[in-house]
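To start, the structure under review is shown below, and the notes come after it.
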Amino acid sequence: MKVITGVGGWPAEIPEQARAAEAAGFDCITCGELAHDSMLIMTMAATATERIGLQTSVTIAFPRSPMVLAMEAWDLQHLSGGRFVLGLGSQVKGHNERRFGGTWSPPAPRMREYIRMMRAVWDSWQDGAPAEFLGKQYTYTLMTPNFNPGPIPFERPKVGLAIVGPGMARVTGEVADIAMPHGGIMSDKYMRQVLLPAIREGLERSGRTWADIEVAEAGYLIVGEDDAEIERKALAMRRTLSFYGSTRTYHKVLALHGLDELGMKLHALSLQGKWDEMRDTVTVDDILALAQTSTYDGLPDFFREHREYATSTTLGGVPRENPEQEERFQDILARVQAVESPGVPRGLEM
C-alpha cells in the first residue's frame with residue numbers, strides 16, 4: 001500500500017517540504033487547492049525531488065478549460081519524469097459561480113466530457129490522433145503544429161477524481177484512473193454502501209474491472225495511543241465535521257448514520273455565521289458514529305482488515321516529534337507499505 005503525505009503553503013516553501021517527504025520514505029506527495037495554485041505547487045515539488053510521486057488533491061477543473069489543464073499536466077509529466085497524477089475536483093455551484101466567476105452545469109456528465117477531452121488532446125500529442133472530440137460542454141476539433149508540444153517518453157498522466165456522491169463515483173469508474181473519496185466527511189459505511197457500488201457500476205459501463213482503477217483509503221479514522229487519546233482527537237474533530245456537515249452536499253453521509261437533524265442544524269447556523277456555535281453543536285458521539293478507530297501500532301492490521309479495496313493511505317496522525325517517535329513512525333510506515341491490498345472491495349467482486 002502506498003503512503004501519501006501532503007505539502008502546502010507559499011510556493012517558496014514547497015521544495016523543502018517535498019525533499020523532506022521524499023527523504024522520509026513516503027511514496028507520494030499531494031497538495032490541495034485552497035489559497036494557492038495546485039499546479040504551481042506540484043511544479044515546485046517536481047523540481048525539488050527525484051523519486052516521490054506527485055498528485056494534486058485536488059485541482060479545480062471547471063474554472064479551467066480542458067485544453068489548458070491538459071497542457072499543464074503534459075508539461076508536469078515531462079518535468080517530473082513521469083511521476084505526475086492530475087487529481088480533479090468539481091467544487092460546488094456557489095464557488096464555481098461566485099468565487100471563480102465561472103459557469104455551472106450538472107457536474108458528473110460535465111466531468112466525464114472534461115476527462116475524455118483531455119485524453120483526446122493527449123492522444124493527438126502522443127500518437128498524432130486527429131482532433132476529434134464533440135461533447136455537449138466541450139469541443140476539441142483543432143490542433144495545429146505550432147500548438148502541439150509533441151510526444152513525451154512517459155505514460156500519459158493518470159487522472160484522479162474526487163468523489164462525494166454516487167454520480168461522480170460512477171464517472172470515476174467509467175473514465176478515471178484513481179478514485180479519491182473526499183476526506184473531509186466520509187465514513188466506511190458510506191464508502192461501502194454508496195460509493196464503491198457506484199464505482200463498480202461505472203467500471204461495468206465502460207467494460208473495465210477493479211484492476212483498471214486505484215481507490216484511495218477513506219473513512220473517518222481516529223488514531224491514538226489509547227482510548228483517552230482517541231477521545232481527545234474525536235473532540236478536536238468537531239470543527240471539521242461542523243464545517244463540512246453544514247453543506248448540503250455532504251448531508252447524505254450524515255443521513256446514512258441517522259444524523260439528519262445535525263446536518264440541518266449546522267446548515268442553519270452557517271447561514272447566520274455562528275461558527276463557534278456550529279462546532280459546539282457537534283458531540284463526540286456524533287464523531288464516533290461516523291469514525292473508526294485504531295492504535296498507532298495497529299494501523300497495518302487495520303488497513304489489512306478494513307481497507308482491502310484501497311491502494312493508498314496517509315499516516316498523518318502518527319507523531320514524529322522526537323527520535324523515538326520517528327523510529328516508531330518509520331517502522332509503522334514500512335509495515336503499512338508492506339500491506340498487500342487486493343484492491344477489490346468485499347462483496348463487489350467482478
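Sequence positions, counted from 1, serve as the residue numbers for this chain. Please read all numbers here as calculations on a predicted model, not as lab measurements. Just so it is clear, the values below take in all heavy atoms, side chains as well, and ignore hydrogens, waters and symmetry mates.
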Distance-only donor-acceptor hits, side chain of residues 254-264, under 3.5 Å, sequence neighbours excluded:
| from | atom 1 | to | atom 2 | distance (Å) |
| --- | --- | --- | --- | --- |
| H257 | ND1 | A289 | O | 3.2 |
| H257 | NE2 | S187 | OG | 2.6 |

Quiz item: Looking just at side-chain N and O atoms, do Q292 and R307 make a donor-acceptor pair shorter than 3.5 Å?
Solution: yes
Next on the checklist: Strictly below 4.0 Å, N to O, side chains only: are R239 and D280 in salt-bridge contact?
Outcome noted: no
(request) Please lay out, stage by stage, how E174 and S206 fare under the test side-chain hydrogen bond (donor to acceptor under 3.5 Å, both in side chains). (result) CA-CA 5 Å; E174 287 183 70; S206 59; over 6 Å; no
_Between E308 and R346, does any NZ, NE, NH1 or NH2 come within less than 4.0 Å of an OD or OE carboxylate oxygen?_
yes
For M180, the other hydrophobic cluster members (4.5 Å side-chain criterion, sorted by chain and number) are V58, I60, V85, F100, I178
- Query: Between R335 and D301, is the closest basic N to carboxylate O distance under 4.0 Å?
  - Reply: no
Residues V171 and R112: closest non-hydrogen pair is CG2-NH2, 3.6 Å
Applying side-chain hydrogen bond (donor to acceptor under 3.5 Å, both in side chains) to E13 and not counting sequence neighbours gives none
Report task. Quick one: do R238 and E277 satisfy salt bridge (charged side-chain N to carboxylate O under 4.0 Å, His left out)? Show the steps, please. Result -> CA-CA 11 Å; R238 291 184 304 159; E277 192 172 336; over 6 Å; no
Notebook entry, point to check: Is the closest basic N to carboxylate O distance between E217 and R304 below 4.0 Å?
Noted result: no
query: Does one side chain, of T311 or S341, offer a donor that lies under 3.5 Å from an acceptor on the other?
result: no
Between T295 and E225, is there a side-chain donor-acceptor contact under 3.5 Å, judged purely by atom types and distance? no
query = For residues Y138 and S65, is any side-chain donor paired with an opposing acceptor at under 3.5 Å?
reply = no
Think R116 forms a cation-pi with F133, using NZ or CZ under 6.0 Å from the six-ring centre and within 45 degrees of its axis?
-> no
* **E97 vs K93, salt bridge (charged side-chain N to carboxylate O under 4.0 Å, His left out): CA-CA, chis, key distance, verdict** => CA-CA 6 Å; E97 292 182 337; K93 184 176 187 286; 3.1 Å; yes
Note to self: For the residue pair S90 / R110, report whether a side-chain donor-acceptor contact shorter than 3.5 Å exists.
What the structure shows: no
What pairs of donor and acceptor atoms, side-chain ones from residues 147-168 against any protein atom, are under 3.5 angstrom apart with sequence neighbours left out?
| from | atom 1 | to | atom 2 | distance (Å) |
| --- | --- | --- | --- | --- |
| N148 | OD1 | G150 | N | 2.8 |
| R156 | NE | D123 | OD1 | 3.1 |
| R156 | NH2 | D123 | OD1 | 3.3 |
| R156 | NH2 | D127 | OD2 | 2.4 |
| K158 | NZ | E214 | OE2 | 2.9 |

Applying side-chain contact (heavy atoms from CB on, under 4.5 Å) to P106 and not counting sequence neighbours gives P109
- Classify the angle between the aromatic ring planes of W122 and W74 as parallel (below 30°), tilted (30 to 60°) or perpendicular (above 60°). parallel
Sorted by chain and residue number, the side-chain contact (heavy atoms from CB on, under 4.5 Å) partners of E231 (sequence neighbours excluded) come out as V284
Any salt bridge between R200 and E204, counting N to O under 4.0 Å? yes
